[in-house]
S.K.: 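First the structure, then my questions, so here it is.
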Amino acid sequence: MNNASIAQLCEDIAVFLELKDDNPFRIRAYLNAARNIRGLPEDIAAIASRGELTKIPGIGADLKLKVEEFLSSGSLKFHKVLLDKTPRVLVEMLKIQGMGPKTANLIYKKYRPKSLADLEKLVLAHKLRKLPGIREKTEQNILETLNFLKQHRERTLLSKALPLSRQVILELKKLPQVDQIAYAGSLRRMQETVRDIDILVTSKNPTPIMKAFVGLGGVQKVLAHGETKSSVISREGIQIDLRVVSPDSFGAALLYFTGSKAHNIKLRTMAKKKGLKINEYGLFKEGSERRIAGKTEEEIYRALGLDWISPELREDYGEVEASAKHRLPCLVERADIRGDFHTHSNWSDGLHKIEEMVEAARKRKLSYMVLTDHSQSLKVANGLSRKRILAQIATIKKLNRKFKDFTLLAGSEVDILQDGSLDFDDDILKRLDFVIASVHTGFKQSKAQITKRILRAMENKHVHAIGHPTGRLLGEREAYEVDLEQIFKAAEETNTALEINSQPTRLDLNDVHARQARDVGVALVVDTDSHAMDQFENLEYGIATARRAWCEAKNILNCLTLNELQKRIAK
DNA sequence: GCCGTTTTCGGCCCGACTGTTTTCAGTCG
């Protein structure tokens, strides 16, 4: 797909323009275009070939030409010129907390540092405080952020940020001044990674709350400590922002801090057209102090003629328009999920016994589970030989007699070998209730090779689903170069489901891909890929991804009852 | 650079905090 590359180019251009002190609205236009291109439901090349580029929001006459230039030549002159003109170190400097284009340029013009290391030397030699507007405090902040950047460069996984935010909320709830409290931001939208944690409190007496917050045990550094807004860095290196508002503003503040920015801008623009103004305190008539709405999110959406929109959808990817027409999807919920198709036991690389895994699944209110230990060639995971899988099938049959309101199904996470053949022959596969086929080797194959390989696996009538279809590991490994459009088409034709793997480092398919699959009618499965009892909890992240992909229960195969499922998977 | 039911030019979301200034620019979300 070209989408990610072009979006990145636009984002780069925005940074270069910012450093040039260019028109801020022009900069925003590039960022807006980048965001919309990233979220496109298909390859932008296909849209270009239909001559529909300017139908993409944020793409006008100029960006149309730039996109076409990239599609035909593989590069963009405008980008290249800016790249050549912009010193690398300036881009690096923008990553420093509190350092914007003005300050970065000021320092650069005077001292011409070549790297962040050079900048650090300047700070230590107290050179910067000779510049206008920079004194001791600014130097100190730069130094601290430089040290911080050395340690933490990545965004934080949802699975790390969510428990931390819940912990902070638990702590703050102990304060008598705290009324309502909730986390907001990208965390509430359940993005796979987050940059920081936003927490919102209502109170009539914020001062003691702020004091307690910046003094929490896990706080490493206080970035800001104000009357209504404070920011800290936690011991784990995650920034946490706390805002306190009055109860009358809770909904408005929640809406504002949940974002996304693009969603908020859309709402504010809508409000403005109606002669209204939205800020974090409420919805107002333009030029008036009287609050029309603000206590709850629902009342603000309603005042704009909209249905309430789930946070997971708030990306300005069509949710506002759908809401205006009262056509928002009825998103899948945890309670809709009845089974798990992807689990491991200590027969292969899992930690716990089959019975223990069943117990854990049952505790989470699931009514069936497929045991999918690895297949024979995956030696590192103690994959099951032909003999052992036959023994496991027999064991499962025996165990099942003991369960009352739970069904354990026999399955396999069968490896898709380098040539697309499967790691068990059909004679084994046909004895299994559910087969999930996955790629675990040969990630470096060419796009054509790996796509062909997966397509071949999908054509096997015993394969019910493809596990973690792109193979990415967040922060560790890029996805392999599979052509997803072909995979989606084949999934539909061969009646093969695609997985949304709930492991927090996988979330594969991701939200954008899952939505593309959903849009073309591909069935999805939300699996935990549990290798231990506690990993069933990860279902929360898989469901969040499905919700971000606009999925309803009918799009998800494991929302079916066992009976419905068995009818459905008879290929 | 985009956009249009006040439209093809003149707008473009809105407010808090910091650090350095004595009234505010720069930065952030």
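In what follows, every chain begins at residue 1, and chains take the letters A, B, ... in the order their sequences are listed. In this text, all values refer to a predicted model and were calculated from it rather than measured experimentally.
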S.K.: Return the value, rounded to whole Å, for the distance between atom CD1 of A:Ile265 and atom P of B:dC13.
M.R.: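 Rounded to whole Å, this separation is 6 Å.
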S.K.: Would you mind reading off the distance between A:Leu17 atom CG and B:dC2 atom P, rounded to a whole angstrom?
M.R.: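 Value for this atom pair: 12 Å.
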S.K.: Please list, for nucleotides 14-17 of chain B, all pairs of protein and nucleotide N/O atoms separated by less than 3.5 Å.
M.R.:
unit_1 : atom_1 : unit_2   : atom_2 : d
B:dC14 : O4'    : A:Arg268 : NH1    : 2.7
B:dG15 : OP1    : A:Lys277 : NZ     : 3.1
B:dG15 : OP1    : A:Asn279 : ND2    : 3.2
B:dA16 : OP1    : A:Tyr281 : OH     : 2.9
B:dA16 : O3'    : A:Thr228 : OG1    : 3.4
B:dC17 : OP1    : A:Glu227 : N      : 3.4
B:dC17 : OP1    : A:Thr228 : N      : 3.1
B:dC17 : OP1    : A:Thr228 : OG1    : 3.1
B:dC17 : OP1    : A:Lys229 : N      : 3.1

S.K.: Listed by chain and number, what are the side chain to side chain contact (heavy atoms under 4.5 Å, CB included) partners of A:Tyr281, not counting sequence neighbours?
M.R.: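 For A:Tyr281, the residues satisfying side chain to side chain contact (heavy atoms under 4.5 Å, CB included) (neighbours in sequence not counted) are A:Arg243, A:Val245, A:Ser249, A:Asn279, A:Phe284, A:Arg291.
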S.K.: Which pairs pass side chain to side chain donor-acceptor pair (under 3.5 Å) with one or both residues in residues 51-61 of chain A, sequence neighbours excluded?
M.R.: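 Listed by first then second residue: A:Arg50-A:Glu52.
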S.K.: To the nearest Å, how far apart are A:Ile56 CD1 and B:dC3 P?
M.R.: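 Distance check: A:Ile56 CD1 to B:dC3 P gives 11 Å.
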S.K.: When all nucleic acid strands are considered with a 4.0 Å heavy-atom cut-off, which category describes A:Lys66: base, sugar-phosphate, or nothing?
M.R.: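 Sugar-phosphate contact only - A:Lys66 comes under 4.0 Å of backbone atoms but never of a base.
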S.K.: Would you name the heavy atoms of A:Ser234 and A:Ile240 that are closest together and state the gap between them?
M.R.: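 Result for this residue pair: CB-CD1, 4.1 Å.
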S.K.: Check whether any side-chain nitrogen or oxygen of A:Arg26 sits under 4.0 Å from OP1 or OP2 of B:dC12, and answer yes or no.
M.R.: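 Answer no for this pair, as no side-chain N or O of A:Arg26 is under 4.0 Å from OP1 or OP2.
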S.K.: Return no unless some side-chain N or O of A:Asn141 is found under 4.0 Å from OP1 or OP2 of B:dG19.
M.R.: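 Yes.
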S.K.: Nearest-Å distance, CG (A:Asp241) to P (B:dT18)?
M.R.: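 Rounded to whole Å, this separation is 12 Å.
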S.K.: Is it true that A:Asp508 and A:Thr470 share a donor-acceptor pair across their side chains at a distance under 3.5 Å?
M.R.: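 Looking only at side-chain atoms, A:Asp508 and A:Thr470 do form a donor-acceptor pair, the distance falling under 3.5 Å.
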S.K.: For the side chain of A:Lys137, starting at C-beta, report the closest nucleotide among B:dC2, B:dT20, B:dC13.
M.R.: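 Taking heavy atoms from C-beta onward, the closest nucleotide is B:dT20.
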S.K.: Nearest nucleotide by nearest heavy atom, which residue falls closer to the 5' end of DNA chain B, A:Thr54 or A:Phe257?
M.R.: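 On the 5' side of the pair lies A:Thr54.
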S.K.: Within the pair A:Ser231 and B:dC28, is there a side-chain N or O less than 4.0 Å away from OP1 or OP2?
M.R.: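 Answer no for this pair, as no side-chain N or O of A:Ser231 is under 4.0 Å from OP1 or OP2.
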S.K.: Between A:Ile96 and A:Lys261, which residue's closest nucleotide on DNA chain B lies nearer the 5′ terminus?
M.R.: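 That would be A:Lys261.
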S.K.: What distance, rounded to whole Å, do you find between the two C1' atoms, one in B:dC17 and one in B:dG11?
M.R.: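 Looking at atom C1' only, B:dC17 and B:dG11 are 28 Å apart.
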S.K.: Expressed in whole Å, how much space separates the P atoms belonging to B:dT5 and B:dG1?
M.R.: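 B:dT5 and B:dG1 have their P atoms separated by 23 Å.
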S.K.: What is the distance, to the nearest angstrom, from the NZ atom on A:Lys95 to the P atom on B:dC28?
M.R.: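 One finds 14 Å between P of B:dC28 and NZ of A:Lys95, rounded.
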S.K.: For residues 23-31 of chain A, which side-chain N or O atoms pair as donor and acceptor with protein atoms under 3.5 Å away, sequence neighbours left out?
M.R.:
unit_1  : atom_1 : unit_2  : atom_2 : d
A:Asn23 : OD1    : A:Phe25 : N      : 2.9
A:Arg26 : NH1    : A:Asp22 : OD1    : 3.3
A:Arg26 : NH1    : A:Asp22 : OD2    : 2.9
A:Tyr30 : OH     : A:Lys66 : NZ     : 3.3

S.K.: Would you classify A:Pro101 as touching base, sugar-phosphate or nothing, given that sugar-phosphate means primed atoms plus P, OP1 and OP2, and contacts are heavy atoms under 4.0 Å?
M.R.: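 Answer is sugar-phosphate: A:Pro101 comes under 4.0 Å of backbone atoms only.
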S.K.: Taking only N and O in the side chain of A:Arg195, is any of them less than 4.0 Å away from OP1 or OP2 of B:dG29?
M.R.: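 For B:dG29, OP1/OP2 do have a side-chain N/O of A:Arg195 under 4.0 Å.
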S.K.: Can A:Gln239 and A:Asp241 be counted as having a side-chain donor-acceptor contact under 3.5 angstrom?
M.R.: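 Yes, because at least one side-chain N or O of A:Gln239 sits under 3.5 Å from a partner of the opposite role on A:Asp241.
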S.K.: What are the residues of residues 102-109 of chain A, sorted by number, that bring a heavy atom to within less than 4.0 Å of DNA chain B?
M.R.: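 Under 4.0 Å from DNA chain B: A:Lys102, A:Thr103.
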S.K.: Looking at A:Arg129 and A:Glu139, is any side-chain nitrogen of the basic one under 4.0 Å from a carboxylate oxygen of the acidic one?
M.R.: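 Between A:Arg129 and A:Glu139 there is a salt bridge, with a charged N closer than 4.0 Å to a carboxylate O.
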S.K.: Who passes side chain to side chain contact (heavy atoms under 4.5 Å, CB included) against A:Asp336, sequence neighbours left out?
M.R.: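 Only A:Val332, A:Glu333, A:Ala553, A:Cys559 meet the side chain to side chain contact (heavy atoms under 4.5 Å, CB included) criterion with A:Asp336.
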S.K.: Taking the P atom of each, how far is B:dC9 from B:dG15, in whole Å?
M.R.: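 The same atom, P, in both gives a distance of 31 Å.
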S.K.: Ignoring hydrogens and geometry beyond distance, is the side chain of A:Asn23 in donor-acceptor contact with the base of B:dG1 at under 3.5 Å?
M.R.: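 Side chain to base: pair found, below 3.5 Å.
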S.K.: Is B:dT8 paired to anything, Watson-Crick or G-U wobble with both distances less than 3.5 Å, and if yes, which nucleotide?
M.R.: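 Check on B:dT8: unpaired, no WC or wobble geometry under 3.5 Å.
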S.K.: Before accepting this row, confirm whether a basic side-chain N of the pair A:Arg515/A:Glu315 lies closer than 4.0 Å to the acidic partner's carboxylate O.
M.R.: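 Looking at A:Glu315 together with A:Arg515, the answer is no, because their closest N to O distance does not fall below 4.0 Å.
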S.K.: Roughly how far apart, to the nearest Å, are B:dT20 and B:dT27 at atom C1'?
M.R.: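 One C1' to the other, the span is 14 Å.
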S.K.: Please report the distance, rounded to the nearest Å, between CG in A:Leu31 and C1' in B:dG1.
M.R.: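 Atom CG in A:Leu31 sits about 11 Å away from atom C1' in B:dG1.
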S.K.: When the distance from CD1 of A:Ile142 to P of B:dG26 is rounded to whole Å, what number comes out?
M.R.: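 Going from CD1 in A:Ile142 over to P in B:dG26 covers 15 Å.
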S.K.: For B:dG26 versus B:dT22, give the span between their P atoms, rounded off to a whole number of Å.
M.R.: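 Per the computed distance, 14 Å lies between those P atoms.
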S.K.: When the P atoms of B:dC13 and B:dC2 are compared, how many Å lie between them, rounded to an integer?
M.R.: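 It works out to 16 Å between them.
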S.K.: May I ask you to say what A:Ile27 touches in the nucleic acid, namely base, sugar-phosphate or nothing, with a heavy-atom cut-off under 4.0 Å?
M.R.: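 Answer is nothing: A:Ile27 stays at 4.0 Å or more from every strand.
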S.K.: Quick one: does A:Glu299's side chain have a donor or acceptor within less than 3.5 Å of a partner on A:Gly294's backbone?
M.R.: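 Side chain of A:Glu299 to backbone of A:Gly294: a pair is present.
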S.K.: Return yes if a side-chain donor-acceptor contact under 3.5 Å exists between A:Ser203 and A:Asp179, otherwise no.
M.R.: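 Per modelled atom types, A:Ser203 and A:Asp179 side chains form no pair under 3.5 Å.
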S.K.: Rounded to the nearest Å, what distance is computed from the CD1 atom of residue A:Ile233 to the C1' atom of nucleotide B:dC28?
M.R.: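 Checked: the CD1 to C1' distance equals 13 Å.
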